[in-house]
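Order of the sequence lines fixes the chain letters, A, B, ..., with proteins taken first and strands second; residue numbering starts at 1 for each chain.
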Amino acid sequence: MQERYDHAAIESQAQGEWRSQRAFAVAEDTRRPKYYCLSMFPYPSGRLHMGHVRNYTIGDVISRFMRMRGYNVLQPMGWDAFGLPAENAAMKNHVPPAQWTYENIAYMKQQLQSLGFAIDWDREVATCTPEYYRWNQWFFLRMLEAGIAYKKTGVVNWDPVDQTVLANEQVIDGRGWRTGALVEKREIPMYYLRITQYAQELLDALNELPGWPERVRTMQANWIGRSEGVRFAFPYDLGGGQQLLYVFTTRADTIMGVTFCAVAAEHPLATHAATNNPALAAFIDECKRGTAMEAELAVMEKKGMATGLFVTHPLTGMQVPVWVGNYVLMTYGDGAVMGVPAHDERDFEFAKKYGLEIRQVIDMTGDGRRATGYGQNQDLTVDRGPLPVAFSTAEWQDWYDTKSGVCIHSGKYDGLTYQAAVDAIAADLQAQGLGNKQVQWRLRDWGISRQRYWGCPIPLIHCPACGDVPVPDADLPVKLPEGLVPDGSGNPLNKTPSFYECRCPQCGGLARRETDTMDTFVDSSWYFLRFASANNAQAMSDARADYWMPVDQYIGGIEHAILHLLYSRFWTRAMHDLGLVKVTEPFANLLTQGMVLNDIYSRKGEDGRVDYFSPADVDVQTDAKGLRLSSTLRSDGLPVEWEGMRTMSKSKGNGVDPQQLVERYGADSIRLFMMFKAPPEDSLEWSDDGVEGAARFMRRLWRMVFEHVSGAGDGPGAVAGSEASATQAQAPGPTPQSLTDAQCELRRATHSALVKVTDDLGRRRIFNTAIAAVMELMNSLSRFTDTSPQGRAIVQESLELIVQMLAPIVPHAAHVLWKELGHDDLLLNRAWPQADPAALVQDSIDIVVQVNGKLRGRITVPTGAGDTQVREAALADEQVRKWIDGKPLRKVIVVPGKLVNVVV
RNA sequence: GCCGGUGUGGCGGAAUUGGUAGACGCAGCAGACUCAAAAUCUGCCAUGGGCAACCAUGUGUCGGUUCGACUCCGACCACCGGCACCA
């Protein structure tokens, strides 16, 4: 055995052996339980970043652990290869997106391989290949037939200078990122998927996903946004007979407090009012130019303008003014809301700003418990209780929008509580044919059309005679031409007649092919099914998917908690309903890993520009206690400013290149560091010292095995495979009677570490504590100096178990050390070891004694001592007596095996 | 703004079901080995007081429940993630 830990040699040896044995290629095998472990596939941006390394290391640790536990494990990998960055790179470098993407894939694949992940590369997919995206197209046509896909107009950001549609991220402060031109809203025809049809199912099924983090389920439930309320209409007449302005409200109990209505800028009523009102038309234009992003809408100033039109209150018959409000969304409900300034904070602000009437119709008593003496429905048998809380129109109060008050100033509804009032009002509206109770969803249908080149073509042909005609299945895939280079002025497909010129499949006449491509979320909504049915040129999905699905463990960033995961759930259900797969939920268990952070160092230039520096180029000065004093740039020795820890990004210059780290420290050290530094769901702070520490651990592990193996000499304790297996499960361990105390202690430390590591890797899925347990064991082992044959046998057992416990985390070194310890089988195929119960037995345990909840002493009692015995021992303890000191005992609490609390 | 999350020594974190707060590591300090350095090994390392035994305080802030709270409840503060064309 070599004395030095040579990571490069070890890792190439291990990877070479795995490759030559095709160790990670898996086939369906009904004799073994299957385990599908999937990490979110990467966008091929050029190089792996540390977030990828963390994500895939977590997946690899779980995969390798489950394999040792006897599962048939599938861990595939692919490329989410369509998308905007390739077009941006193309513009910058004048290289076709296809070429850029395929080069990136080749490089990143080699990076992944150097990290030693147990991936079945035979199943690799790239979503930009026709072999993959033809099934996007094929299934889109099935959804079209089933009515799940449909066409309607949608609003996009239009850059008038570049004559192109911009993504939200390409719009900065309302202007195009490249041209600086004011971005306009344009309505264009687009294709949508009816995800709203699945809203109830998607919501209900969240309860059947106990393996998902609670917070992700909550976020999805909020996103779907089911709300029960009343949809009703305000009648109006503009001369052409009665028409209806529909609104939706969850607060029908406040309907008697309506003093205005507000409609979205795109609402037909607004358009109508603007025809003879230039000021209103200008305001509507301003609203339309505004942002479409919810976050910006929420914080912007609420503005409105009266339309001069009035509608009739359906219950009071009063005339209600209609306003246009910039905060009303055309995409939610009917694009109009009723305004109740007294009981809605936003309406209150709006009314104050524009001098609209504020009419209180809900009252609350001082303690919020019961009604006060208003109205006919008052129950006079009930105690009057506190006086009502004063309502003031001067300032908004928290209780104004409470649902626990009662109606006042509301005629026949006076005295009714929330639910009773909603029921009564809904019934009255229904009697008039003007409304009824309804369920409203926040979730909107999924618009999948993108006016971009680097995506999957939507397989439709527009024929002047026949309309929109689907491309026949036999003609799929509609191939994306790969040589085009976008220049920022719109979709190059629109300038490529060889792509868009075609014949109508129905009438044979000249027609134009659709040039929009699909949202890249489409690609990632079913890739997990394709891995399971890899390389099938005849079908999108086959019986192999029924074997592998659902994904047993899905791992990815929390930033995908809503969109990607919801779209994938929807898509899987659609495939299920069209008879293509058996499962309805794609991901049984979900682990959302935290982000990778690093220090940010900057320096402000004289011109106000901020320069960022890599933490690798910065020296940090500390005081005697290690406290950070200042930071200086290594190259010029001048100070730089520390901005704290943030997520790694190119623009902040705080990224770390995995490739350099692998070369310098080896994949095992990087993997160990990432698993040890933080629990998987927390954010992880990068530190070069931490990697150094991981590398130190690897050297120590190597040296411990080396010293043991080389110490074998020719004595009776010589290492051999037969001796090694003798201490394993096949034979019982040495009997406690024959062992010294120190030997007994090391065996107990070894086997209790195994219990802990098994639980952490398996049930808990927390790896930092598993590694800490092994470190503790190694500390015990290095204090163990017994070189007798029996002592050596116990060290051998301990080292073998350490290597096995670490195998999922540092697989290369574990692979080689396993052989050095005398085995010739492959460690990754070895069954996970089981702890020897005999090694865990203890004769006595330590019990903590508290007096009035404060730690005052410790006692040692025999294992299995009764509560009374423990209690007596605690009260007899000298330290404890000092604190009791004759005071009367009030209570003694005995927690078996843990502590005694004496209350005096 | 709305929704979700996080907050423990100088730092990352541990404490799994309400039961010893600070495991394990990083940084730091002291020492051993060495001509020296690297590597390695040993010891110390929450704060205040004390020679020490030990005592008091301490898990973002304030309050509550409990024999006992990092853990449960209420209010607040700070920071982070998502918000539908980035993926």
Legend entry - Taking every non-hydrogen atom, the tightest pair across A:S631 and A:W642: OG-CB, 4.4 Å
Base, sugar-phosphate, or nothing for [X], non-hydrogen atoms under 4.0 angstrom?
X	answer
A:Q451	base
A:M190	base
A:T331	nothing

Legend entry - Evaluation steps, salt bridge (Lys or Arg N to Asp or Glu O under 4.0 Å), between A:K756 and A:D760: CA-CA 6 Å; A:K756 164 109 182 114; A:D760 283 354; 3.1 Å; yes
Legend entry - Under-4.0 Å side-chain N/O to phosphate OP1/OP2 contact, A:R215 with B:rC80: no
[N] base / [X] side chain donor-acceptor hit below 3.5 Å:
X	N	answer
A:R696	B:rU40	no
A:R646	B:rC80	no
A:R858	B:rU20	yes

Inset, instruction - With pairs defined as Watson-Crick or G-U wobble and both distances under 3.5 angstrom, please note down RNA chain B as a dot-bracket string, | for pairing with another strand. - result: (((((((..(((......[....))).(((((.......))))).((((....))))..(((((..]....))))))))))))....
Contacts under 3.5 Å, N or O only, protein and nucleotides 57-60 of chain B:
residue: B:rU57; atom: OP2; partner: A:K854; partner atom: NZ; Å: 3.0

Legend entry - Ionic contact status for A:E878 with A:R881, cut-off 4.0 Å: no
Legend entry - Glycosidic class, syn or anti, of B:rG50 using a 90° window around 0: anti
Inset, instruction - Answer yes or no for A:R442 and A:W223: cation-pi contact, defined as NZ/CZ to six-membered ring centre under 6.0 Å and angle to ring axis within 45°. - result: yes
Legend entry - 5'-most by nearest nucleotide on RNA chain B - A:S687 or A:R450: A:S687
Inset, instruction - Between A:K677 and A:T647, name the one whose nearest nucleotide on RNA chain B is closer to the 5' end. - result: A:K677
Close N or O pairs between protein and nucleotides 62-71 of chain B (under 3.5 Å):
residue: B:rC67; atom: O2; partner: A:N901; partner atom: ND2; Å: 2.5

